[in-house]
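Just so you know, these numbers come straight off a predicted model, no measurement behind them.
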Amino acid sequence: MNKFMELALEEAKRGVSCGDGGPFGAVVVRNGEVIASAHNMVLKNDDPTAHAEVQAIRKACKVIGSPLIPDCEIYSTCEPCPMCLSAIMWARIPTIYYGCTKDDAEKIGFIDAFIYHVLDGSNGDELKRISLDRDGCLPLMDEWEKSQDHGTY
């Protein structure tokens, strides 16, 4: 087994054994060195966003001191859900290594496929999406764009 995937698996086992969350672990690697590892903390934190990949990315960004970590790669025990995939993309991580597939996750009750279907429009009626008060919100976008004090991400 790949040594980094093995570490991700150990994280996942640790999380399951202590009841923190589902069977997921992740490791962020930079230049062949682990800079962050985490497991799913959804149940422990009562936080649906506390997935292993998100937790590991948060830690890695703190270590590096940037929300962008394009010189890293991530190892996950399962194919990332849409939220984690988005976090990986926002962090600019260019490579994902994963063990189980989203279909494997679906077989044990995780709703990744449902979310992918909402995103691709094939289950669009399952989630109401309503644009509201765009004209009131848009000036803040303009203000941000004109500001010289914001970072890039």
Side-chain angles (χ1 to χ4, degrees), residues 2-16 18 20-102 104-105 110-121 127-153:
N2 174 282
K3 68 180 181 179
F4 299 125
M5 186 61 76
E6 189 171 13
L7 292 172
L9 185 57
E10 288 173 16
E11 272 287 349
K13 288 177 181 178
R14 189 170 20 263
V16 168
C18 64
D20 286 346
F24 309 104
V27 174
V28 176
V29 175
R30 182 183 197 196
N31 299 323
E33 181 182 329
V34 174
I35 60 167
S37 65
H39 57 264
N40 187 291
M41 301 283 288
V42 169
L43 299 176
K44 179 175 177 134
N45 294 353
D46 294 323
D47 178 355
T49 70
H51 290 198
E53 297 92 336
V54 172
Q55 297 290 96
I57 289 168
R58 287 174 179 159
K59 289 179 179 181
C61 288
K62 288 223 180 275
V63 167
I64 293 173
S66 171
L68 305 178
I69 52 175
D71 56 347
C72 294
E73 53 195 20
I74 190 165
Y75 293 77
S76 176
T77 57
C78 190
E79 184 175 3
C81 74
M83 178 187 66
C84 292
L85 181 60
S86 296
I88 290 164
M89 293 170 70
W90 277 112
R92 307 295 199 277
I93 298 171
T95 307
I96 306 164
Y97 298 95
Y98 61 89
C100 297
T101 67
K102 63 183 180 225
D104 297 325
F110 291 90
I111 66 166
D112 299 33
F114 165 75
I115 299 169
Y116 276 109
H117 291 307
V118 169
L119 291 172
D120 73 15
L127 176 68
K128 293 179 184 175
R129 294 184 271 183
I130 303 163
S131 179
L132 181 65
D133 296 326
R134 179 176 180 264
D135 290 339
C137 297
L138 198 53
L140 187 56
M141 296 285 188
D142 294 334
E143 184 179 329
W144 169 266
E145 183 181 32
K146 292 174 186 166
S147 169
Q148 300 298 316
D149 297 333
H150 66 76
T152 302
Y153 65 94

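Between I115 and C81 the shortest side-chain heavy-atom distance does not fall below 4.5 Å. Residues Y75 and N2 meet the side-chain proximity criterion, which asks for heavy atoms closer than 4.5 Å. M89 places a side-chain heavy atom less than 4.5 Å from the side chain of L85.
Note that SG of C84 and CD of Q55 are 9.5 Å apart. Values are rounded to the nearest 0.5 Å. D104 CG to K102 NZ: the interatomic distance, rounded to the nearest 0.5 Å, is 11.5 Å. Remark: S86 OG to L119 CG distance equals 7.5 Å, nearest 0.5 Å.
Of all heavy-atom pairs between C78 and E53, the closest is O-OE2, 3.6 Å. Looking at every heavy atom in both residues, A87 comes nearest to V54 through CB-CG2, 4.1 Å. The two residues I93 and E73 come nearest to each other via the heavy atoms CG2-CA, 3.7 Å.
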Which atom pairs, one a donor and one an acceptor, fall under 3.5 Å between side chains of residues 62-70 and the rest of the protein, sequence neighbours left out?
unit_1 : atom_1 : unit_2 : atom_2 : d
S66    : OG     : L68    : N      : 3.0
S66    : OG     : L68    : O      : 3.1

Just distance, no hydrogens or angles: give the donor-acceptor pairs under 3.5 Å from side chains in residues 133-147, sequence neighbours left out.
unit_1 : atom_1 : unit_2 : atom_2 : d
S147   : OG     : D149   : N      : 3.1

Can you give each donor-acceptor pair under 3.5 Å made by side-chain atoms of residues 20-41, sequence neighbours left out, with the distance rounded to 0.1 Å?
unit_1 : atom_1 : unit_2 : atom_2 : d
D20    : OD2    : H39    : NE2    : 2.7
R30    : NE     : D71    : OD2    : 2.8
R30    : NH2    : D71    : OD2    : 3.0
S37    : OG     : E11    : OE2    : 3.0
H39    : ND1    : E11    : OE1    : 2.7
N40    : OD1    : G22    : N      : 3.3
N40    : OD1    : V42    : N      : 3.0

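Remark: the backbone N or O of A56 is not paired with any side-chain donor or acceptor of R58 at under 3.5 angstrom.
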